[in-house]
Trainee: 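Pasting in a structure now, in structure tokens, and then I'll have a few things to ask.
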Amino acid sequence: MAFRSMLAAGVAGLALVVTAPSLAEDAPAAATQTAEGNTPFYAPFGIDLKAMDKSVKPGNNWDEYAWGTWLKSAEIPADRASIGAFRDTFDRVQKETRDIIMNAPAGSKYGDFYKSFMNTDQVNALGWTPLKADLDQVAAIDSKSGIARFMGASGGKFGISAVGTFVYADTDNPNINVLYIGQDGLGLPNRDYYLDEKFAKQRAAYRAWVQKALELTDTPDAAAKADAILALETSIAKASWTPAESRDIDKTNNPMSSAEFAAYAPGIDWDAFFAGADVPAQQRMIIGETTAIKAIAQIVGDTPLDTLKAWERFHVISQAAPYLSDNFVNARFDYTKTLSGVTELDPRWKRGVNLVNGAVGQLVGQQYVKLYFPPAAKAEMEKLVVNVKAGMADRIRTNTWMSDATKEQALLKLKNMMVMVGYPDMWRSWDGLTIKPDDLLGNVERAGEFNHAYAMEDLGKPVDRKKWGMNPQTVNAYNGFNQNKIVFPAGILQAPFFDLHADPAVNYGAIGVVIGHEISHGFDDQGRKVDATGKVRDWWTPEDAKRFVAESKVFGDQYASYEPVPGSHVNPDLTMGENIADFAGVEVAYDAYHRSLDGKTPPVLDGLTGDQRFFLGFAQVWRTKARPAAVASQIATDPHSPGAIRAFAPLRNVDAWYDAFGVTPDQKLYIAPDKRARIW
């Protein structure tokens, strides 16, 4: 359950991608309107004017100009790591989904799941009793082969593995699903948390939680075992690739058969591992972080059996802790709060809604789109997509550094890019999943195994591009990488991202940029290595590739200079794809906005021109205030730059932004025209 390789998502999203792919059965009934009359959520035309600080020059501090008044007064609640547009929208959707769950018909899976989580008296009375069978299974392991089998079976269960597995479209034949294998084995977010001194506090809190978790389950020699577990994971961290290395498809696209893999990475009984995972011998698998996996396998092979059993025991406890009694929940929170800087645990109802959305979210999503996503919104969004795709096509055709041969292939890829809006065409079946209103831990385990089996059953089968990797109520969007598709769930299609009644300039600056962002992932530093069919191959001329890399470096060097919190600079090698997508999204959506005007001059509203409203629509999407610990964690682990950086950094390279706000050389954000990045 802990696999975090960059390969695992198989997608490039706007924020974070956390849900599993899903299948469908029938389309939802017509949705009801969510807005009253023709009034935008942010009156009078879609921009939150009260958030602005017009005393600041846009070219000196764009974020403060766009939302400085809000920034001065906004306070981060104790149970949050950050606040802003994404969080506001997430909170709104969370309340809407809570209402759906609370009004679930008798016997519904999502209603009963929520009831089991909210039955705190029963959960506290049971303590860790529901987990004893799992821990007995770990205790019964009597060999390294038994450890390998347990790791293989941990995909849909509690436990940890040296490697993670998932199923996705083959890099060579994107019409068939194959098995992917990537590095794993860490409890902390990534290798830096074990090796970098700036994370010493988080490391100490984790070590304390390891010991406490073992003590809470009456484990003998908990302190010594905690030391051994941390030492094991530190060794794994030293062998692991960095997040930047893990996102490089050139390095992670390594086909092997099962036999070749076993010979390459000795130290683990791979036959036992795959037997535990219920995966037969494979003629072709895609191995991610090769040298790391080879080293990690040897580390596991050299580690005493008792240490490996303690390692598994702890991770079973840690992953189950949120669904056990309060003493487990609170002890685990004492550790996790050091990662984000929050000081209070989320209210239980919020944790319950998040659990239900994560486990059976598409069931809730069917009801969500009926209530909160009107057909008019879907139709308008689809029209926006058409315009933005046309804007991207224009950018490709007029690109000065791209050859005609590469342009032809790029336009073909854009033409073949599938777009899905709101919800799946068909809904996934949940037949066979048993949910009980009085069995929380059992529900979590059954749902985990059910969803894992559902994902793994695609192995060796044709790819279904219409499958979704997010729930309809998710506040996010994504590009399906070598499935060449982009997906926009209903959850993100509301203010400030999209408002059916907002001024078009605002919608193009907000959701239009999101659309452009996802489209351009097909042409970013990794997406450009995938052709129109989804096959991973280099379809650029060598000269074009050199020019692209040169312009990307200019852009990346700008981001490397940003230090949102002391000691943590943005890593352009990790964030390059998302940064390019932000930049391209702005330029493509801006072109699409002007295309939509059909030569007409937009009105001036509240003293703001159409172009100014476009850029402010973009800015308010990234309105953010975050705790330093959360920002530091994001910079170390996340391929997305912090929101406050994303609000201004791309604009420094957009000529139209300078023109719209009269940004001059004496202002802090100014970059001379010949020094600006020119990618799209």
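Here the structure is a predicted model, which is why all the values come from computation and not from measurement.
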Trainee: If only atom types and distance count, is the side chain of D269 paired as donor or acceptor with the main-chain N or O of A272 below 3.5 Å?
Mentor: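 A pair under 3.5 Å: yes.
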Trainee: Once rounded to the nearest 0.5 Å, what's the spacing between atom CH2 of W241 and atom OG1 of T291?
Mentor: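 Atom-to-atom, W241:CH2 and T291:OG1 are 5.0 Å apart.
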Trainee: Does K529 have more than 12 heavy atoms from other residues, nucleotides or ligands lying within 6.0 Å of its NZ?
Mentor: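 Check passes, neighbour count above 12.
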Trainee: To the nearest 0.5 angstrom, please state how far the OG atom of S520 sits from the CH2 atom of W680.
Mentor: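 Spacing of OG (S520) from CH2 (W680) equals 8.5 Å.
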Trainee: Shortest non-hydrogen contact from P489 to N471?
Mentor: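 Taking P489 first and N471 second, the nearest heavy atoms are CB-O, 3.5 Å.
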Trainee: Just checking, any donor-acceptor pair under 3.5 angstrom between side chains of S143 and S145?
Mentor: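 No pair is found: no donor N or O on one side chain lies under 3.5 Å from an acceptor on the other.
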Trainee: Taking all non-hydrogen atoms of both residues into account, name the closest pair between E233 and L188 and its distance.
Mentor: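 Smallest heavy-atom distance, with atoms named: OE1-N, 4.4 Å.
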Trainee: Compare every heavy atom of A636 with every heavy atom of Y193, then report the nearest pair and how far apart it is.
Mentor: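 Reported closest heavy-atom pair: CE1-CB, 4.2 Å.
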Trainee: What I want to find out is whether K535 reaches D172 closely enough, with some N-O distance under 4.0 Å, to be called a salt bridge.
Mentor: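 Salt bridge present between K535 and D172.
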Trainee: F261 vs W270 aromatic rings, parallel, tilted or perpendicular, using cut-offs 30° and 60°?
Mentor: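 The arrangement is tilted - the two ring planes meet at 30° to 60°.
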Trainee: Output, in order, the C-alpha distance, side-chain angles, deciding distance and verdict of side chain to side chain contact (heavy atoms under 4.5 Å, CB included) for I580 and F548.
Mentor: CA-CA 11 Å; I580 291 175; F548 178 88; 3.9 Å; yes
Trainee: Judged by atom type as modelled, is there a donor-acceptor pair below 3.5 Å linking the side chain of S257 to the main-chain atoms of E260?
Mentor: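 Between the backbone of E260 and the side chain of S257 there is a qualifying donor-acceptor contact (under 3.5 Å).
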Trainee: Any carboxylate oxygen within less than 4.0 angstrom of a Lys/Arg side-chain nitrogen, looking at K407 and D544?
Mentor: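 Not counted as a salt bridge, because no side-chain N and carboxylate O are separated by less than 4.0 Å.
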Trainee: Distance from L232 atom CG to D302 atom CG, nearest 0.5 Å?
Mentor: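 Here the interatomic distance stands at 11.0 Å.
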Trainee: Classify the side-chain pair W540/D538 by whether it contains a donor and acceptor separated by less than 3.5 Å.
Mentor: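 On atom types as modelled, these side chains do not qualify, holding no pair under 3.5 Å.
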Trainee: Check whether any side-chain N or O of E578 sits under 3.5 Å from a backbone N or O of T575 as a donor-acceptor pair, and report yes or no.
Mentor: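 No, the answer is negative, given that no donor and acceptor are paired below the 3.5 Å cut-off.
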Trainee: Determine the minimum heavy-atom distance between S258 and P280, stating which atoms define it.
Mentor: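 It is OG-O, 4.5 Å.
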Trainee: Treating Q202 as the side-chain partner and T338 as the backbone partner, does any N or O pair qualify as donor plus acceptor under 3.5 Å?
Mentor: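 Side chain of Q202 to backbone of T338, a donor-acceptor pair under 3.5 Å: yes, one is there.
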Trainee: Is the side chain of N482 donor-acceptor paired with the backbone N or O of V536 at a distance under 3.5 Å, no angle test?
Mentor: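 No, because the side chain of N482 does not come within donor-acceptor range (under 3.5 Å) of the backbone of V536.
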Trainee: Sort out for me which residue in V279, V463, N177 forms a side-chain contact (heavy atoms from CB on, under 4.5 Å) with V167.
Mentor: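 Exactly one candidate clears the test, N177.
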Trainee: Check this for me: does any side-chain nitrogen of one of E197 and R203 sit under 4.0 Å from a carboxylate oxygen of the other?
Mentor: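 Between R203 and E197 there is a salt bridge, with a charged N closer than 4.0 Å to a carboxylate O.
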Trainee: Can you tell me how the ring of W539 sits relative to the ring of F523, calling it parallel under 30°, perpendicular over 60° and tilted otherwise?
Mentor: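 Plane angle over 60°, so perpendicular.
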Trainee: What distance do M151 atom CE and I141 atom CD1 have between them, rounded to the nearest 0.5 Å?
Mentor: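 Going from CE on M151 over to CD1 on I141, the span is 9.5 Å.
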Trainee: Is there a donor-acceptor contact under 3.5 Å linking the side chains of N190 and S240?
Mentor: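 The answer is no; no qualifying pair exists.
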Trainee: If you draw the axis of the six-membered ring of Y454, does the NZ or CZ of K467 fall within 45° of it and under 6.0 Å from the ring centre?
Mentor: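 The answer is yes, since K467 meets both limits relative to Y454.
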Trainee: Does any donor atom in the side chain of Q558 or N653 lie under 3.5 Å from an acceptor atom in the other side chain?
Mentor: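 A pair is found: one side chain offers a donor N or O, the other an acceptor, under 3.5 Å apart.
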Trainee: For the residue pair R247 and D573, what are the closest heavy atoms and their distance?
Mentor: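 Scanning both residues completely, I find the closest heavy atoms to be NH1-O, 3.4 Å.
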Trainee: Considering residues, nucleotides and ligands other than K198, do more than 12 of their heavy atoms fall under 6.0 Å from its NZ?
Mentor: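 Yes, the 6.0 Å shell around NZ holds more than 12 heavy atoms from other groups.
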Trainee: Just by modelled atom types, is the G534 backbone N or O under 3.5 Å from a matching donor or acceptor in the N484 side chain?
Mentor: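 No, because the side chain of N484 does not come within donor-acceptor range (under 3.5 Å) of the backbone of G534.
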Trainee: Is a donor on one side and an acceptor on the other found under 3.5 Å between the side chain of Y180 and the backbone of N253?
Mentor: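 It does not hold such a pair.
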Trainee: Cation-pi between K238 and Y194: NZ/CZ under 6.0 Å from ring centre and within 45° of the ring axis?
Mentor: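 No, a cation-pi geometry is absent between K238 and Y194.
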Trainee: State whether the side chain of E518 and the backbone N or O of V487 hold a donor-acceptor pair below 3.5 Å, judged by distance alone.
Mentor: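 No; zero donor-acceptor contacts below 3.5 Å.
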Trainee: Considering only NZ, NE, NH1 and NH2 on the basic side and carboxylate oxygens on the acidic side, decide whether R191 and D196 come within less than 4.0 Å.
Mentor: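 No salt bridge links R191 with D196.
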Trainee: Give a yes or no on whether the backbone of A447 and the side-chain of N451 come within a donor-acceptor separation of less than 3.5 Å.
Mentor: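 A pair under 3.5 Å: yes.
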Trainee: Would you call K157-D134 a salt bridge at under 4.0 Å N-O?
Mentor: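 Looking at K157 and D134, the cut-off is not met.
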Trainee: Does either side chain, that of D531 or that of T533, offer a donor lying less than 3.5 Å from an acceptor on the other one?
Mentor: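 Result is yes, a qualifying pair exists.
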Trainee: Judged by atom type as modelled, is there a donor-acceptor pair below 3.5 Å linking the side chain of Q282 to the main-chain atoms of L179?
Mentor: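 No; zero donor-acceptor contacts below 3.5 Å.
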Trainee: Would you mind reporting whether S568 and V631 have side-chain heavy atoms less than 4.5 Å apart?
Mentor: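 No, every pair of side-chain atoms sits at 4.5 Å or beyond.
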Trainee: Would you say CG of N416 has more than 12 non-hydrogen atoms from neighbouring residues, nucleotides or ligands within 6.0 angstrom?
Mentor: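 Counting other residues, nucleotides and ligands, CG of N416 exceeds 12 neighbours.
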Trainee: Regarding D334 and K337, does a basic nitrogen lie under 4.0 Å from an acidic carboxylate oxygen?
Mentor: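 K337 and D334: salt-bridged.
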Trainee: If you round to the nearest 0.5 Å, how far is CD1 of I229 from OG1 of T234?
Mentor: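 Spacing of OG1 (T234) from CD1 (I229) equals 11.5 Å.
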Trainee: Under the 6.0 Å and 45° cation-pi test, does K225 pair with F314?
Mentor: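 No, K225 does not lie over the aromatic ring of F314.
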Trainee: Any donor-acceptor pair under 3.5 Å linking the side-chain atoms of Q526 with those of H521?
Mentor: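 Their side chains do not contain a donor-acceptor pair, so the 3.5 Å distance test is not met.
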Trainee: Go through it in stages, so that I can follow the logic: the residues are E289 and S246, the test is side chain to side chain donor-acceptor pair (under 3.5 Å), and I'd like the CA-CA distance, side-chain angles, deciding distance and then a yes or no.
Mentor: CA-CA 7 Å; E289 302 88 347; S246 292; 3.0 Å; yes
Trainee: Pair Y206, W209 - check ring-ring contact (aromatic ring centres under 6.0 Å, His included), show working.
Mentor: CA-CA 5 Å; Y206 178 63; W209 162 235; 8.8 Å; no
Trainee: Between K144 and V300, what is the shortest heavy-atom contact and its length?
Mentor: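 What the structure gives for the nearest pair is NZ-O, 3.7 Å.
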Trainee: Determine, using ring centers only, whether Y562 and Y559 are less than 6.0 Å apart.
Mentor: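 Here the rings of Y562 and Y559 have centres that are less than 6.0 Å from each other.
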